[in-house]
Novice: 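This structure is in structure tokens; I'll ask about it shortly.
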Amino acid sequence: MFKKILIANRGEIAIRVIRACRDMGIRSVSVFSEADRNSLHVLLSDEAYPIGPAPSNESYLNIDKILSVAKRAGADAIHPGYGFLSENPNFVRRVEEEGLTFIGPKPESMEVMGDKISAKEQMKKSGVPIVPGSDGAIEDVEQLKKVASEVGFPLLIKASSGGGGKGMRYVAEESQLESNYNMARSEAKKFFASDDVYIERFVQSPKHIEIQIFGDSHGNTIHLFDRECSMQRRHQKVLEECPSPALDEESRKKMGEVAVKAARSINYLGAGTIEFIFDSITKEFFFMEMNTRLQVEHPVTEMCTGVDLVQEQIRVAAGLPLSVKQEEVQLNGHAIEARICAEDPVTFAPSPGLIRRCRNPQGSFIRLDSSAFPGYEVPIYYDPMVAKLIVWGRNRDEAIQRMERALAEFSLTGIKTNIVLHKSLIHEEAFRSGEYTTQFIDNEFSGSSDNLFKFVDDRVFLISLAVEAYKNLKPKSTADHNIYSRWKDVGRLEGQR
Amino acid sequence: MFKKILIANRGEIAIRVIRACRDMGIRSVSVFSEADRNSLHVLLSDEAYPIGPAPSNESYLNIDKILSVAKRAGADAIHPGYGFLSENPNFVRRVEEEGLTFIGPKPESMEVMGDKISAKEQMKKSGVPIVPGSDGAIEDVEQLKKVASEVGFPLLIKASSGGGGKGMRYVAEESQLESNYNMARSEAKKFFASDDVYIERFVQSPKHIEIQIFGDSHGNTIHLFDRECSMQRRHQKVLEECPSPALDEESRKKMGEVAVKAARSINYLGAGTIEFIFDSITKEFFFMEMNTRLQVEHPVTEMCTGVDLVQEQIRVAAGLPLSVKQEEVQLNGHAIEARICAEDPVTFAPSPGLIRRCRNPQGSFIRLDSSAFPGYEVPIYYDPMVAKLIVWGRNRDEAIQRMERALAEFSLTGIKTNIVLHKSLIHEEAFRSGEYTTQFIDNEFSGSSDNLFKFVDDRVFLISLAVEAYKNLKPKSTADHNIYSRWKDVGRLEGQR
Amino acid sequence: MFFEAELRGVKYRINVNETPSSWKVTLQADGERPELHVISKEDYKELDGAISFLFEGDSYMVDVVGNGISYTVYTRGSYRDIPIYNDEMLLHESLKAGDSLGGPNQLAAGMPGKIVKIMVEEGQRLKQDQPILIMEAMKMENEIRAPREIVVDQIKVAIDDNVETGSVMVTFKH
Amino acid sequence: MFFEAELRGVKYRINVNETPSSWKVTLQADGERPELHVISKEDYKELDGAISFLFEGDSYMVDVVGNGISYTVYTRGSYRDIPIYNDEMLLHESLKAGDSLGGPNQLAAGMPGKIVKIMVEEGQRLKQDQPILIMEAMKMENEIRAPREIVVDQIKVAIDDNVETGSVMVTFKH
């Protein structure tokens with residue numbers, strides 16, 4: 001087993017990996033940019049080293065610096081977390097060249113699954129259902145029209161190397177086809193340096209359901225059931241569940257088997273996720289993409305299976321077999337995760353800045369993975385997610401009730417957060433019924449401030465505000481009698497108007 | 001279901017009940033003494049009312065005041081927590097006279113199980129094994145000698161109404177019998193107003209193992225497996241586990257069945273615990289006592305069964321059936337609880353006072369039930385326990401590793417706590433092997449400060465200390481140049497000595 | 001002390017009087033009758049940097065952050081941004097109006113971030129909602145648009161500049 | 001600045017020098033050679049009321065509580081009570097010796113609590129370890145005993161009195 005692991009990441013996921021290391025008696029080494037000297041991963045790791053200026057490409061994406069710290073600290077393995085270098089095959093090769101172990105899949109797996117077209121081809125070969133669409137990139141307008149008429153409208157045009165909705169176009173009918181094709185290509189070129197685009201069927205009531213898979217170097221490949229991640233805003237996941245409320249046992253079984261088949265076909269090593277688009281109406285599911293890393297939402301799977309996915313990653317990277325066999329993985333109860341972000345819950349604008357108070361929820365059947373603490377300044381340079389709140393119940397209703405309780409206990413002030421958004425979302429009928437699709441927040445949710453802020457008596461806000469404003473003004477008034485008197489006079493005149 | 005529950009308690013258990021109420025959509029009403037206006041249960045409950053001065057008998061034990069608040073707030077049920085009024089049958093009757101529901105067993109159950117002799121008689125009748133000893137109180141010296149020779153030495157003399165080790169005497173051989181009998185009687189008289197004492201066999205390698213039982217008003221009585229609570233100091237539990245590492249499956253099954261039989265024999269309603277003394281050598285177990293309330297250590301059972309015991313108490317009190325049947329209760333993994341107390345870890349002297357910082361552990365598979373926060377002053381009037389840290393693992397080793405991780409993350413300063421004691425205990429061979437008995441801390445553990453404080457490099461302490469002491473002195477020195485100069489002169493002379 | 005505040009579109013007149021043992025707070029919503037609340041200081045206490053407020057039997061933990069005329073009040077996972085005024089405050093505000101944030105003739109940064117694109121030039125006439133610049137904060141690009149028809153005077157930032165909350169980025173002609 | 005400190009029975013001589021960018025701390029254990037540590041101020045920062053201390057690559061979160069000659073240092077769930085002295089401190093201590101805690105001729109409360117029993121009378125001669133009184137704190141009874149053979153002068157508390165840390169409970173004859 002490894003003696004010391006360097007974590008090439010920051011924030012809550014770095015802390016998550018530090019904890020797994022502690023659980024296994026492995027020393028953890030964290031790295032930090034100049035914006036992160038005061039971040040919690042620095043404080044909680046056994047060792048910590050600076051790696052440069054705040055912008056990611058000068059620190060958390062700087063392969064040379066990270067490798068030089070790894071050697072200096074004597075680490076024997078590197079955990080990439082998610083994001084940053086976690087899906088960069090070049091980084092993996094560099095790590096291996098230095099004689100260290102990369103905790104994650106082989107670079108070849110990243111390459112084949114990193115390109116959407118090659119991934120789809122690979123999946124098709126392995127018998128995994130894919131969304132009807134073009135076989136690979138569209139060559140020209142002629143092919144575009146031909147394939148589009150086979151696939152049918154509405155359809156989507158997507159960038160082959162894309163992600164996060166960039167370079168993606170919705171085409172409702174044939175007349176819009178060519179103009180959108182050209183726009184998609186130019187966006188793709190701009191964002192991803194390649195203007196390859198492809199088209200596929202647009203699923204009308206789509207749900208995002210994904211399967212956690214895991215492979216080891218002893219020929220074992222298993223799945224750890226499904227997660228539902230349809231609660232998204234502009235393709236950013238907001239709230240996740242395990243298991244999906246939409247799958248029946250038969251679909252669940254089939255989806256798990258298909259995912260294992262997909263992972264086996266590329267001899268996948270470590271933790272990975274096969275994302276499917278699920279058609280709520282037809283109950284069909286199609287391969288969307290594979291994430292060759294740990295997911296943000298992995299804790300919901302941990303809560304329901306008892307398997308520590310990060311420990312498992314480390315075991316597998318060290319050449320050990322998986323600690324569980326497929327038939328031992330049991331789905332126990334229901335878990336929900338809320339991503340707590342430093343952002344305005346109405347406008348979704350980021351809200352970096354100083355956290356004034358932070359009272360975390362506690363108690364039965366909840367888990368918090370947070371990088372927030374009182375006095376911490378959320379930097380502007382990185383992702384706005386500051387914490388993940390995960391709850392468990394024997395069934396979905398219990399889990400929802402616990403989420404409501406934990407959110408009510410959660411007090412994070414100084415910055416704006418989306419805590420109140422989550423409170424509102426879990427009260428929505430579409431969420432309660434489990435029938436929400438990936439379109440819910442963007443198209444159906446009335447996230448107005450009236451809707452969000454209905455939970456507390458307005459008078460509590462007004463009285464507290466007035467007393468505190470009074471206290472803020474009072475010392476000034478008493479210290480400088482002249483100003484105070486003058487103000488009183490003005491106040492009196494005012495009162496008489 | 002109830003609309004509003006008053007919680008006649010304080011600290012972490014009041015908060016525990018508040019959370020169960022939230023989970024069920026029930027409003028919670030807390031009460032607080034003058035020493036507790038700033039306590040967390042006041043802040044977290046939906047409503048809060050003062051009930052009088054700090055000493056318990058003027059507040060948390062004051063039945064009239066509690067009932068008057070319950071009526072004023074419009075509560076329809078009262079949860080007593082543990083301690084205080086939780087096992088007081090008179091309180092139960094008063095609650096019922098007011099037309100409110102007491103969340104707990106019937107007063108008759110408390111009465112029969114509250115007296116050690118009647119409890120033992122009841123258990124004997126129901127076929128529950130009891131420690132060989134006198135049938136009821138010893139009448140006189142003649143009977144004492146006769147029964148003692150049947151039971152054999154060593155033996156114990158115990159007060160019939162006793163608890164917490166008061167009025168209990170160990171007798172190694174016959175020559176010490178009569179003097180100890182007299183001392184035990186006089187202590188019993190003093191502490192419990194009754195000089196009834198009884199004798200029983202002294203089990204030589206005793207473990208404390210208890211079974212969680214639950215009854216509802218529909219004729220269902222189930223058990224939720226065992227807890228091991230042998231890690232005790234002077235009969236105060238320090239650290240608990242679920243399940244016991246000492247029981248094999250056969251003993252576990254048998255103990256559970258016996259406990260259910262015992263509970264059924266008194267038509268027990270709600271949550272209760274049958275405590276057994278387990279002989280590590282012979283594998284025999286004997287009834288010790290029944291606690292007719294929720295236990296401090298109930299979370300370890302919750303972690304391994306998924307059943308929320310407080311919600312279950314509320315359900316049952318409201319007349320609903322238990323939410324689980326016996327065959328549905330599964331023991332899943334292993335949980336350990338550490339009681340975090342405001343006390344010196346070497347001398348065990350209480351350490352009330354102001355909490356300066358409080359950084360709580362977080363992350364995968366741990367739970368914290370805490371009443372501590374930065375700036376909270378732990379009052380002198382009540383129990384020194386400020387938090388419970390509970391961890392879970394798929395097996396005992398995983399749980400121990402997680403406990404070690406969570407303790408290392410736990411930073412509670414300003415007062416002294418036993419966090420470091422727990423760190424030390426879980427490294428002990430007797431704990432790792434699971435073979436520790438109730439005698440371990442008192443007789444075998446070398447809890448010296450050297451033993452406890454081996455975890456950190458001394459230089460870290462010394463350097464931090466010196467820099468902070470320097471900072472404390474520096475402003476004074478520069479502000480008052482005369483004192484500074486004089487001190488420098490003295491310092492120089494000193495340096496030359 | 002007298003204040004005016006606005007919450008969810010409703011204007012309130014608020015009066016605060018302190019006595020040794022209590023706060024007397026009168027709330028009067030626009031067009032409604034005044035409502036007097038006498039809050040014992042035992043029921044409104046500072047605690048752990050926040051306020052523990054027992055109000056009509058209910059227990060709230062409240063945070064009030066802010067100063068001047070702009071406050072945010074948090075409790076139970078919810079919050080309100082509430083503008084509040086009185087004559088003294090308005091006086092203070094007018095004294096520093098010259099350098100106030102995002103006044104009518106300038107565009108100030110509402111959050112810290114980095115300028116990634118500037119779409120206008122000095123002297124250019126803008127339509128309402130016409131994009132002025134794009135600022136990046138926390139991996140998100142935020143497009144800042146013209147509040148009304150207006151002419152750009154000076155552009156005070158360049159691409160790749162980091163700006164703090166309140167930094168003036170663009171001024172407009174009067 | 002020069003200090004003496006004692007940790008786990010070992011006496012240390014410590015010297016602290018501050019430079020604009022670092023702390024230079026020399027540690028010398030009794031009978032050992034001095035050891036100089038140059039700690040960059042970037043590696044020793046105040047944070048969330050505690051100290052984040054990166055020492056020889058390791059990361060510690062440290063709390064230092066105390067003043068005068070008595071400090072407690074906490075980190076990683078562990079702590080040390082460390083007495084520390086220098087001449088200035090000793091001077092200050094001697095100035096207030098008249099009312100110092102638990103001096104040789106008096107018995108002061110080591111923690112807040114309530115007096116539940118007093119077993120001695122004024123003028124009584126006590127053997128070493130003879131019980132003087134019982135104080136209750138947090139549901140535990142703590143028996144306080146005579147530090148040596150001594151004669152009771154005044155008893156300054158009565159049964160049921162609440163005492164604070166440092167309150168003088170009994171004085172002894174010189």
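The analysis underlying the following values was restricted to heavy atoms, covering all of them including side chains, and did not include hydrogens, waters or symmetry mates. So you know, we letter chains A, B, ... as the sequences are listed, proteins then strands, and number each from 1.
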Novice: Between atom OG1 of T417(A) and atom OH of Y79(C), what is the distance when rounded to the nearest 0.5 Å?
Specialist: 7.5 Å

Novice: Using a 4.5 Å cut-off on heavy atoms from C-beta on, say whether the side chain of Y60(C) contacts that of D457(A).
Specialist: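 Yes, their side chains come closer than 4.5 Å.
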
Novice: What's the shortest heavy-atom distance between V73(C) and S464(A), and which atoms?
Specialist: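 Closest heavy-atom pair between V73(C) and S464(A): CG1-CB, 4.4 Å.
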
Novice: Just so I understand: if I count every heavy-atom pair under 4.5 Å between each of I51(C), I39(C), D63(C) and chain A, which residue has the most?
Specialist: D63(C)

Novice: Please determine, by modelled atom types, if N472(A) and Y71(C) share a side-chain donor-acceptor pair under 3.5 angstrom.
Specialist: yes

Novice: Would E136(C) and Y381(A) count as a side-chain contact (heavy atoms from CB on, under 4.5 Å) here? Give the steps.
Specialist: CA-CA 9 Å; E136(C) 187 187 271; Y381(A) 301 96; over 6 Å; no

Novice: Taking atom CD1 of I380(A) and atom CG of N162(C), what is their separation to the nearest 0.5 Å?
Specialist: 5.0 Å

Novice: Identify the two heavy atoms, one from I82(C) and one from F461(A), that lie closest to each other, and give their separation to 0.1 Å.
Specialist: CD1-CB, 4.1 Å

Novice: Show your working on side-chain contact (heavy atoms from CB on, under 4.5 Å) between K416(A) and D81(C) and close with a plain yes or no.
Specialist: CA-CA 10 Å; K416(A) 287 175 182 168; D81(C) 285 322; 3.2 Å; yes

Novice: When you look at NZ of K24(C), are more than 12 heavy atoms from neighbouring residues, nucleotides or ligands closer to it than 6.0 Å?
Specialist: no

Novice: Can you tell me how far the OG1 atom of T413(A) sits from the CE atom of M61(C), to the nearest 0.5 Å?
Specialist: 10.0 Å

Novice: Against chain C, label S351(A) side chain, backbone, both or neither, depending on which of its atoms sit under 4.5 Å from a heavy atom there.
Specialist: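 S351(A) touches chain C through backbone heavy atoms alone.
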
Novice: Run the side-chain contact (heavy atoms from CB on, under 4.5 Å) check on R80(C) and D458(A) step by step: do they pass?
Specialist: CA-CA 9 Å; R80(C) 304 283 190 284; D458(A) 281 343; 3.4 Å; yes

Novice: Which pair of heavy atoms, one from V467(A) and one from V16(C), lies closest together, and at what distance?
Specialist: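 Taking V467(A) first and V16(C) second, the nearest heavy atoms are N-CG2, 4.5 Å.
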
Novice: Counting heavy-atom pairs under 4.5 Å with chain C, which one of E468(A), R459(A), E409(A) comes out on top?
Specialist: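 Most pairs with chain C among the choices: R459(A).
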
Novice: Can you tell me if Y74(C) uses its side chain to pair, donor with acceptor, with the backbone of G414(A) under 3.5 Å?
Specialist: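 Yes, Y74(C) side chain to G414(A) backbone: donor-acceptor pair under 3.5 Å.
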
Novice: Under the side chain to side chain contact (heavy atoms under 4.5 Å, CB included) rule, collect the residues that match up with A399(A), sequence neighbours excluded.
Specialist: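 Partners of A399(A) under the side chain to side chain contact (heavy atoms under 4.5 Å, CB included) test: H334(A), I336(A), V391(A).
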
Novice: Which side-chain N or O atoms in residues 108-133 of chain C pair as donor and acceptor under 3.5 Å with protein atoms at least two apart or in another chain?
Specialist:
{"unit_1": "E122(C)", "atom_1": "OE2", "unit_2": "I155(C)", "atom_2": "N", "d": "2.8"}
{"unit_1": "Q124(C)", "atom_1": "OE1", "unit_2": "E121(C)", "atom_2": "N", "d": "2.8"}
{"unit_1": "Q130(C)", "atom_1": "OE1", "unit_2": "K127(C)", "atom_2": "N", "d": "2.9"}

Novice: Under a 4.5 Å heavy-atom cut-off, does chain A meet the side chain of V64(C), its backbone, both or neither?
Specialist: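 Both backbone and side chain of V64(C) come within 4.5 Å of chain A.
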
Novice: Answer with side chain, backbone, both or neither: which region of A5(C) has an atom nearer than 4.5 Å to a non-hydrogen atom of chain A?
Specialist: side chain

Novice: Can you sort out the partners of F53(C) under ring pair (Phe, Tyr, Trp, His ring centres under 6.0 Å), two or more places apart, ordered by chain and number?
Specialist: Y44(C), F55(C)

Novice: Listed by residue number, which members of residues 25-38 of chain C have a heavy atom under 4.5 Å from any heavy atom of chain A?
Specialist: V25(C), L27(C), E35(C), H37(C)

Novice: Side chain, backbone, both or neither: which part of E46(C) has an atom under 4.5 Å from a heavy atom of chain A?
Specialist: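 The side chain, not the backbone.
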
Novice: Does any heavy atom of chain C fall under 4.5 Å from the side chain of P379(A), the backbone, both, or neither of them?
Specialist: backbone

Novice: Got a sec: does the NZ of K156(C) have more than 12 other heavy atoms crowding it under 6.0 Å?
Specialist: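 No - once you tally the heavy atoms of other residues, nucleotides and ligands closer than 6.0 Å, there are 12 at most.
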
Novice: Taking side chain as everything from C-beta outward and backbone as N, CA, C, O, which of these in I415(A) sits under 4.5 Å from a heavy atom of chain C? Side chain, backbone, both or neither.
Specialist: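 Contact with chain C is through the backbone of I415(A) alone.
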
Novice: For F3(C) and L462(A), run side-chain contact (heavy atoms from CB on, under 4.5 Å): C-alpha distance rounded to whole Å, both residues' side-chain angles, the deciding distance at 0.1 Å, then the answer.
Specialist: CA-CA 11 Å; F3(C) 301 98; L462(A) 290 168; over 6 Å; no

